[in-house]
Amino acid sequence: MGEIGKEKSLWLLSAFCFAAMTAAVPFSKMELPLRAGTFLQYYKTALSSRGILFLIPIISVLPAGASYVKETSNGFLKLYIIRISRMDYIKRKILLVYAGGFLPFFVAGVLSFLFHFLLFYPLELKGVIEKEGVLEVLFLLSRICLVGGIMAEISGVFAAVFRNYYMAYGLPFVCYYLLIILKDRYLPDLYAMYPGEWIVPQQDWGTNGMGIWMFFFVFSVGVCLLHGLLLYHRLKEI
């Protein structure tokens, strides 16, 4: 985790993501005084905006998605693999890549929450903030972060397959937008493979919406295992 924390791109992308969330705040519709809990509604609007939906495949892959390509092209991997076992490298790489997609949205989301609280809460009328509202935005941010982690792992998969920056960065982007186009234009019932549905579920995902969390678990495990198997195959060549 320390490696990804040293990446300047992580913090730059987090700042960019925070700016996108801030831009989605409906300032023009604000009427003072605000009713209690309005800052949570504004925060939810920022998280679920179309801008965030379209930025996910870009922001998530940049911090670490193609790190394997970088390490092989500059010869670092041959030296590094001597110091640690192949399995340790694979475990670290999978965790690093997933964190690289997860953390920019988590950092931006936390900063955005503080921004909304400090700016709008003092302008609200006194009242009770419903626990359900807090849990709703917490789950919403969690889903965004998980989608980011999955997209980063998909980038890692393409990096291991093609060993090419353009493929590692470009193909997740293409796949993501292809799913959006298929759902919007041709297959409206294909909600389970629609990124917008992953973030803001509108369909039936079972009791208490637990199906979406099972979906994230299975999808995450699947892409991590595939990434690990491909890395293992590549490391046998060294």
Side-chain angles (χ1 to χ4, degrees), residues 1 3-4 7 9-10 13 53 55-74 76-78 80-81 84-106 142-183 187 190-199 201 205 210-238:
M1 294 296 289
E3 295 178 47
I4 191 65
E7 288 285 340
S9 60
L10 170 68
L13 291 167
L53 174 65
L55 282 175
I56 286 177
I58 302 171
I59 290 178
S60 60
V61 305
L62 290 176
S67 57
Y68 170 76
V69 179
K70 179 180 178 181
E71 291 167 359
T72 53
S73 61
N74 63 16
F76 171 79
L77 182 56
K78 290 183 178 180
Y80 187 61
I81 206 67
I84 63 173
S85 68
R86 285 176 168 79
M87 290 308 299
D88 283 341
Y89 173 81
I90 292 171
K91 292 176 184 177
R92 291 186 182 185
K93 183 57 60 181
I94 291 173
L95 179 60
L96 176 71
V97 170
Y98 200 96
F102 185 99
L103 287 176
F105 300 101
F106 179 77
S142 298
R143 290 192 294 269
I144 292 172
C145 294
L146 289 171
V147 175
I150 290 170
M151 293 306 301
E153 286 295 339
I154 293 174
S155 177
V157 167
F158 288 130
V161 171
F162 296 104
R163 290 188 282 194
N164 181 280
Y165 285 108
Y166 298 107
M167 294 297 184
Y169 291 139
L171 284 181
F173 177 89
V174 172
C175 294
Y176 185 91
Y177 284 111
L178 181 61
L179 290 176
I180 292 178
I181 293 170
L182 285 175
K183 168 66 169 59
L187 300 170
L190 191 68
Y191 70 87
M193 295 308 295
Y194 177 54
E197 179 68 19
W198 303 342
I199 296 170
W205 287 90
M210 288 302 296
I212 189 67
W213 302 108
M214 289 299 299
F215 173 84
F216 279 126
F217 175 77
V218 173
F219 205 166
S220 295
V221 171
V223 292
C224 287
L225 286 175
L226 179 59
H227 189 194
L229 289 172
L230 290 169
L231 287 176
Y232 181 79
H233 174 71
R234 288 300 188 190
L235 292 177
K236 289 197 299 184
E237 302 174 1
I238 299 177

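The residues of the chain are indexed from 1 along the displayed sequence. Excluded from the calculations below are hydrogen atoms, water molecules and symmetry mates; all remaining heavy atoms, backbone and side chain alike, are included.
For the ring pair (Phe, Tyr, Trp, His ring centres under 6.0 Å) criterion with Trp205, the lone passing option out of Phe216, Trp198, Tyr191, Trp213 is Tyr191.
Looking only at side-chain heavy atoms (C-beta outward), Lys93 and Tyr98 stay at 4.5 Å or farther from each other. Using a 4.5 Å cut-off on side-chain heavy atoms (C-beta onward), Leu179 and Lys183 make no contact. Looking only at side-chain heavy atoms (C-beta outward), Glu71 and Tyr89 come within less than 4.5 Å of each other. By the 4.5 Å heavy-atom criterion applied to side chains, Phe219 and Val147 are not counted as neighbours. Leu62 places a side-chain heavy atom less than 4.5 Å from the side chain of Tyr169. Here the side chains of Phe162 and Leu171 are in contact, with some heavy-atom distance below 4.5 Å. Here the side chains of Tyr165 and Ser73 are in contact, with some heavy-atom distance below 4.5 Å. Leu235 places a side-chain heavy atom less than 4.5 Å from the side chain of Leu77.
When all heavy atoms of Ala64 and Val97 are compared, the pair lying nearest together is O-CG2, 3.5 Å. Between Val157 and Val223, the shortest heavy-atom distance links the atoms CG2-O, 4.0 Å. Nearest heavy atom pair, residue Gly148 against residue Ser60, reads O-CB, 3.3 Å. The minimum heavy-atom distance between Val61 and Pro172, with the atom names listed, is CG1-CB, 4.1 Å. In terms of heavy atoms, Ser9 sits closest to Pro63 at OG-CA, 3.6 Å. Among all heavy-atom pairs drawn from Val69 and Asn164, the shortest one is CG2-N, 3.7 Å.
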Next item on the list: Could you check Phe173 against Tyr177 for ring pair (Phe, Tyr, Trp, His ring centres under 6.0 Å), going step by step and ending with a plain yes or no?
Entry: CA-CA 6 Å; Phe173 177 89; Tyr177 284 111; 4.5 Å; yes
Margin query: Working note: Phe158 + Arg163, criterion side-chain contact (heavy atoms from CB on, under 4.5 Å); need CA distance, chi angles, decisive distance, verdict.
Written below: CA-CA 7 Å; Phe158 288 130; Arg163 290 188 282 194; over 6 Å; no
Next item on the list: Mind running side-chain contact (heavy atoms from CB on, under 4.5 Å) on Met167 and Val161 for me, showing each step along the way?
Entry: CA-CA 9 Å; Met167 294 297 184; Val161 171; over 6 Å; no
Margin query: Working note: Met193 + Leu190, criterion side-chain contact (heavy atoms from CB on, under 4.5 Å); need CA distance, chi angles, decisive distance, verdict.
Written below: CA-CA 6 Å; Met193 295 308 295; Leu190 191 68; 4.1 Å; yes
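At most 12 non-hydrogen atoms from other residues, nucleotides or ligands lie less than 6.0 angstrom from CZ of Phe217. Heavy atoms of other residues, nucleotides or ligands lying less than 6.0 angstrom from CE of Met214 number 12 at most.
Between Ile199 atom CD1 and Cys145 atom SG the span is 10.5 Å, to the nearest 0.5 Å. From Cys224, atom SG reaches atom CD1 of Ile154 across 10.5 Å, with rounding to the nearest 0.5 Å. The distance from atom CD1 of Ile212 to atom CG of Leu146, rounded to the nearest 0.5 Å, is 9.5 Å. Between Ile180 atom CD1 and Tyr194 atom OH the span is 6.0 Å, to the nearest 0.5 Å. We find the CZ-CZ distance between Arg143 and Phe105 to be 14.5 Å, quoted to the nearest 0.5 Å. Arg86 contributes atom CZ, which lies 10.0 Å from atom NZ of Lys236 (distance to the nearest 0.5 angstrom).
Under the ring pair (Phe, Tyr, Trp, His ring centres under 6.0 Å) criterion, Tyr232 pairs with no residue, sequence neighbours left out.
Here the side chain of Arg234 pairs a donor or acceptor atom with the backbone of Ala160 at under 3.5 angstrom. In this structure, the side chain of Ser155 engages the main chain of Ala168 through a donor-acceptor pair within 3.5 Å. Panel note: side chain Asp88, backbone Ile84; no donor-acceptor pair is recorded below 3.5 Å.
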